[in-house]
Amino acid sequence: MFTRSEAWDLVGGLSKPGKMPWWSYSIPAVMCRTGAKLAKIPGTVCHGCYALKGSYRFPDVISAMERRLASLKDPRWVDAMSFLLNDLAGSKPRHFRWHDSGDLQNPSHLHKIVKVARLTPTIQHWLPTKEKKIIQDYVGPIPDNLTIRLSAYKLDEVLPGKQFVTSAVSTTGKHSCPAYSNNGKCGTCRNCWDRNVPLVTYPQH
């Protein structure tokens, strides 16, 4: 059993982007397996990545993300993260985003997130990722409260939606995400967390 403070310290805390309806979780974008490579290639969704500039480059933010990344190796991480999220959520249904900065590091990382989702049944989890192979190689059921949304690599690219729900980035001004006409906030929209929504399109930013 943990106290909230103990669990917070063990997992390295959470992030709270202004756009999101609740807490989120971030690790260094420079450690993205695929994204760090795409960031060097013009025409990809990661080129000019928002998580590699602005407030994400403040020393205290970098330090916090590095602590979170290191904490993934702690065998108590799943229990601490599950406790923390349940404790913060209370009895209210919540929507949690994984990785407003960063991405899956390895198969073990995905397994841990799946376990956390199972242990936090009142929370709807959204996991955007570019790590297609890690997702494809996963064996086992995905909890109903975890939506894994595979991100396209290139601008204006739409992935086939037969196997996964997906997301894309548009440069044409046509997008389905309403945040950019709502002061940059999700508002009442929860499409990213909804596995019945096959595609969510964002404007380039």
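Keep in mind that the numbers below use all heavy atoms, side chains included, and drop hydrogens, waters and symmetry copies. From a predicted model like this one, the values you see are computed outputs, not experimental measurements.
- Applying the salt bridge (charged side-chain N to carboxylate O under 4.0 Å, His left out) criterion to Lys133, with sequence neighbours excluded, gives Asp137.
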(request) Under the side chain to side chain contact (heavy atoms under 4.5 Å, CB included) rule, what do Cys177 and Lys19 come out as? Steps first, then yes or no, please. (result) CA-CA 12 Å; Cys177 176; Lys19 179 184 177 183; 3.8 Å; yes

(message) Under the criterion side chain to side chain donor-acceptor pair (under 3.5 Å), I'd like the reasoning laid out for Ser170 against Gln204: C-alpha separation, chi angles, the key distance, then a yes or no.
(response) CA-CA 6 Å; Ser170 171; Gln204 187 180 13; over 6 Å; no

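- Annotation: side chain of Arg149 is not in contact with side chain of Thr129 (no heavy-atom distance under 4.5 Å).
- In terms of hydrophobic clustering, with Ile, Leu, Val, Met, Phe, Trp and Tyr side chains grouped at heavy-atom distances under 4.5 Å, Leu146 and Ile135 are assigned to a common cluster.
- Between Ile148 and Tyr138 the shortest side-chain heavy-atom distance does not fall below 4.5 Å.
- Contact annotation: the side chain of Ile142 approaches that of Arg195 to within less than 4.5 Å [non-hydrogen atoms, C-beta and beyond].
- Between Trp126 and Arg190, the closest side-chain pair of non-hydrogen atoms is not below 4.5 Å.
- Proximity of Leu72 to Trp77: side-chain heavy atoms (C-beta onward) are separated by under 4.5 Å at one or more points.
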(request) Check the pair Arg67 / Ser63 against side chain to side chain donor-acceptor pair (under 3.5 Å), numbers first and verdict last. (result) CA-CA 6 Å; Arg67 286 197 305 273; Ser63 178; 3.1 Å; yes

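- Between Trp23 and the options Phe96, Trp8, Trp98, a ring-ring contact (aromatic ring centres under 6.0 Å, His included) holds for only Trp8.
- Taking the six-membered ring for Trp and the full ring otherwise, the centers of Trp193 and His95 sit less than 6.0 Å from each other.
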(message) For a side chain to side chain donor-acceptor pair (under 3.5 Å) check, start with the C-alpha distance between Thr120 and His125, then their side-chain angles and the critical distance, and finish with the verdict.
(response) CA-CA 9 Å; Thr120 56; His125 297 258; 2.7 Å; yes

(message) Let's go through Met81 and Leu14 carefully: what are the C-alpha distance in whole Å and the side-chain angles of both, what is the deciding distance for side chain to side chain contact (heavy atoms under 4.5 Å, CB included) to 0.1 Å, and is it a yes or a no?
(response) CA-CA 10 Å; Met81 180 62 78; Leu14 302 174; 4.0 Å; yes

